[in-house]
Amino acid sequence: MTRIAGLLLAVALLAAGADAAAAQTIKLGTLAPKGSPWFRIMQDMTDAWGDASNGAVNVRIYPGGAIGDERDMVRKMGIGQLQGAVLTMDGLAMIVPEMQIFGIPMLLRSDEEVEYVLQRIGPDLENLFEARGYKVLNWGDAGWVRLFATRPVLHPEDLRPLKLFSQAGTDVYADAWRALGYTPVALPVTDMTTALQSGMVESFFTPPVAALSFQWFGQAQHMTDIRIAKIVGATIVSLKVWNSIPPAARPAILDAARAAGRESSARIREFETEAIKVMQEYGLTVHAVSAGNRRAWEAIAANAIPVYIRSEVPAELVNRVERLRDEYRGGVGQN
């Protein structure tokens, strides 16, 4: 081998080593169970990230709360043990408390209203995440929350004697229900099955797809058919990781993430109806809500708003969302 050939080989080996070192492994946490609709969409999304970056981005998904609940995921992202997560609004609110706006019961009542509001306040929320060191790659949702319980709950008074699950770390949620005279029990989501089996929890709010995916409905076979709130979620990664991805690859990664968010939202709407039917086949009873009982639930929901405002949801944000909602209901949504 000539001296020049040897030098060229050395340069090639160094370049190959640099490319390997540049490969970014992203550990992505999620509560979505392996095999669930959300998990399959995440797999497609992360595969697209690898293709878009020519292998510069390698994603390892940790499903089903394998590394803890959303509180654990946020903590692990903060210390660098996890580089990203697919979080619901409860986990997102641990970083940006303003996300709790979507948890206010019955503030919004349709997919279209949520989309209209999110399109307009989403950029501001994304800026808040960036200020705290995170990049929002997409927005999505997990469907509409319904109430599941071990006995029929038609009126808000029926819920009062039951122990109500509250995800640990979501203090405003627990505070709101406690202020209204209910009994929230704060636990990690990963403890839900055991809590239901032991009677520590007797009721919970969750989307039907989640109740089916986690099999929680088996212990709580009564569903109150009223939409409480839509579970808005997002895929986020640390800004440090995002900035380490080759700039040329970022637009394609962002496009793949946003396409996955849109697909997830669209498919969840289909799966929601299917999930309810499947659960009914296995013993779930769906309870319709009369007009009078609906008004009682709406009154309870309205009383929860001051608790959210006293927490960390600015009154100006609540007012802005109410204006946007009313704007949509007033005719924008009919055009």
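- Note that OG1 of Thr193 is 8.0 Å distant from CD of Gln219, once rounded to the nearest 0.5 Å.
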Notebook entry, point to check: Between Trp297 and Leu159, is a side-chain contact (heavy atoms from CB on, under 4.5 Å) present by the stated rule, with each step listed?
Noted result: CA-CA 11 Å; Trp297 284 109; Leu159 180 60; 4.2 Å; yes
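- Within the 3.5 Å criterion, the main-chain N or O of Ala315 finds a donor-acceptor partner in the side chain of Asn319.
- Under the 3.5 Å distance criterion, the side-chain polar atoms of Gln215 are matched with a main-chain donor or acceptor of Leu212.
- Gly103 and Tyr308 make their closest contact through O-OH, 3.2 Å (heavy atoms, listed as atom of the first residue, atom of the second, distance).
- Using a 4.5 Å cut-off on side-chain heavy atoms (C-beta onward), Arg258 and Trp139 make no contact.
- No donor-acceptor distance shorter than 3.5 angstrom exists from the side chain of Ser264 to the backbone of Gly140, with no hydrogens or angles considered.
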Checklist line | Test log, rule salt bridge (Lys or Arg N to Asp or Glu O under 4.0 Å), inputs Lys277 and Glu281 | finding: CA-CA 6 Å; Lys277 289 180 180 177; Glu281 291 173 5; over 6 Å; no
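- Hydrophobic clustering keeps Val209 apart from Ile41 (ILVMFWY residues linked when any side-chain heavy atoms are closer than 4.5 Å, directly or through intermediates).
- At distances below 3.5 Å, at least one donor-acceptor pair connects side-chain atoms of Arg132 with backbone N or O atoms of Leu128.
- Looking only at side-chain heavy atoms (C-beta outward), Leu154 and Val289 stay at 4.5 Å or farther from each other.
- Taking all atoms of both residues into account, the shortest heavy-atom contact from Ile226 to Met106 is CD1-CE, 3.7 Å.
- When side chains are defined from C-beta on, Val59 does not count as touching Met45, because their heavy atoms never get closer than 4.5 Å.
- Contact check for Phe217 versus Pro208: no side-chain heavy atoms found under the 4.5 Å cut-off.
- Put simply, NZ on Lys27 and NZ on Lys76 are 10.0 Å apart, with the number rounded to the nearest 0.5 Å.
- Atoms CZ and CH2, from Arg160 and Trp177 in turn, are 9.5 Å apart once rounded to the nearest 0.5 Å.
- For the salt bridge (Lys or Arg N to Asp or Glu O under 4.0 Å) with Glu115, the qualifying choice from Arg262, Arg325, Arg269 is Arg269, the only one to do so.
- Looking only at distances, a side-chain donor or acceptor of Glu272 sits under 3.5 Å from a matching main-chain atom of Trp144.
- Heavy-atom minimum distance, Pro184 versus Arg178: CG-NH2, 3.6 Å.
- Linking Ile, Leu, Val, Met, Phe, Trp and Tyr whenever their side-chain heavy atoms come within less than 4.5 Å puts Leu118 and Leu324 in one cluster.
- One finds the CD atom of Gln119 at 9.0 Å from the OH atom of Tyr116 (value rounded to the nearest 0.5 Å).
- Between the side chains of Trp49 and Asn58, not a single donor N or O lies within less than 3.5 Å of an accepting N or O.
- The ring pair (Phe, Tyr, Trp, His ring centres under 6.0 Å) check on Tyr62 picks up nothing, with sequence neighbours excluded.
- Shortest non-hydrogen contact noted between Glu130 and Leu239 is O-CD1, 3.3 Å.
- Put simply, the side chain of Phe148 reaches to within 4.5 Å of the side chain of Leu284, judged on heavy atoms.
- Ser198 places a side-chain N or O within 3.5 Å of a backbone atom of Thr194 that can act as its donor or acceptor partner.
- Between Val318 and Ile309, some side-chain heavy-atom pair lies under the 4.5 Å cut-off.
- Atom NZ in Lys230 sits 11.0 Å away from atom CD in Glu113 (nearest 0.5 Å).
- Pro105 approaches Ala301 most closely through the heavy-atom pair O-CB, 3.2 Å.
- Under the 3.5 Å distance criterion, the side-chain polar atoms of Ser53 are matched with a main-chain donor or acceptor of Val57.
- A heavy-atom distance below 4.5 Å is not found between the side chains of Leu28 and Arg60.
- Side-chain contact between Ile253 and Ile245: present, with at least one pair of heavy atoms (C-beta onward) separated by less than 4.5 Å.
- Val313 and Ile305 fall within a single hydrophobic cluster, where Ile, Leu, Val, Met, Phe, Trp and Tyr are joined by side-chain heavy atoms under 4.5 Å apart, directly or via other members.
- In this structure, Glu70 contributes its side chain and Thr88 its backbone to a donor-acceptor pair below 3.5 Å.
- Atom CD in Gln100 sits 11.0 Å away from atom CG in Leu92 (nearest 0.5 Å).
- Scanning all heavy atoms of the two residues, the minimum distance from Leu187 to Ala195 falls at CD1-CB, 3.6 Å.
- A side-chain donor-acceptor contact under 3.5 Å links Lys163 to the backbone of Gly199.
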Margin query: Set out, in order, the CA-CA distance, both residues' side-chain angles and the distance that settles side-chain contact (heavy atoms from CB on, under 4.5 Å) for Leu137 and Leu254, then state yes or no.
Written below: CA-CA 6 Å; Leu137 300 183; Leu254 207 53; 3.7 Å; yes
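- Grouping the Ile, Leu, Val, Met, Phe, Trp and Tyr side chains by contacts below 4.5 angstrom, directly or via other members, places Ile228 with Val172.
- Taking the six-membered ring for Trp and thresholds of 30 and 60 degrees, His222 and His287 have nearly parallel ring planes, at less than 30 degrees apart.
- Under the 4.5 Å side-chain heavy-atom criterion for ILVMFWY residues, no single connected hydrophobic cluster contains both Val145 and Val307.
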Checklist line | Chi angles and distances behind the side-chain contact (heavy atoms from CB on, under 4.5 Å) call for Ser238, Val241 | finding: CA-CA 5 Å; Ser238 74; Val241 167; 3.1 Å; yes
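- Side-chain atoms of Gln221 come within 3.5 Å of backbone atoms of Tyr282 as a donor-acceptor pair (strictly under, hydrogens ignored).
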Note to self: Assess the residue pair Asp326 and Arg323 against the criterion (salt bridge (Lys or Arg N to Asp or Glu O under 4.0 Å)); give the C-alpha distance rounded to whole Å, side-chain angles, the decisive distance to 0.1 Å, and a yes or no.
What the structure shows: CA-CA 5 Å; Asp326 294 344; Arg323 286 196 302 271; over 6 Å; no
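- With 3.5 Å as the limit, one finds no donor-acceptor pair spanning the side chains of Thr190 and Asp69.
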Checklist line | Worked verdict on Phe204 versus Leu147 for side-chain contact (heavy atoms from CB on, under 4.5 Å) | finding: CA-CA 6 Å; Phe204 55 90; Leu147 174 63; over 6 Å; no
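- Using cut-offs of 30° and 60° on the angle between ring planes, the pair Tyr173 and Phe205 is perpendicular.
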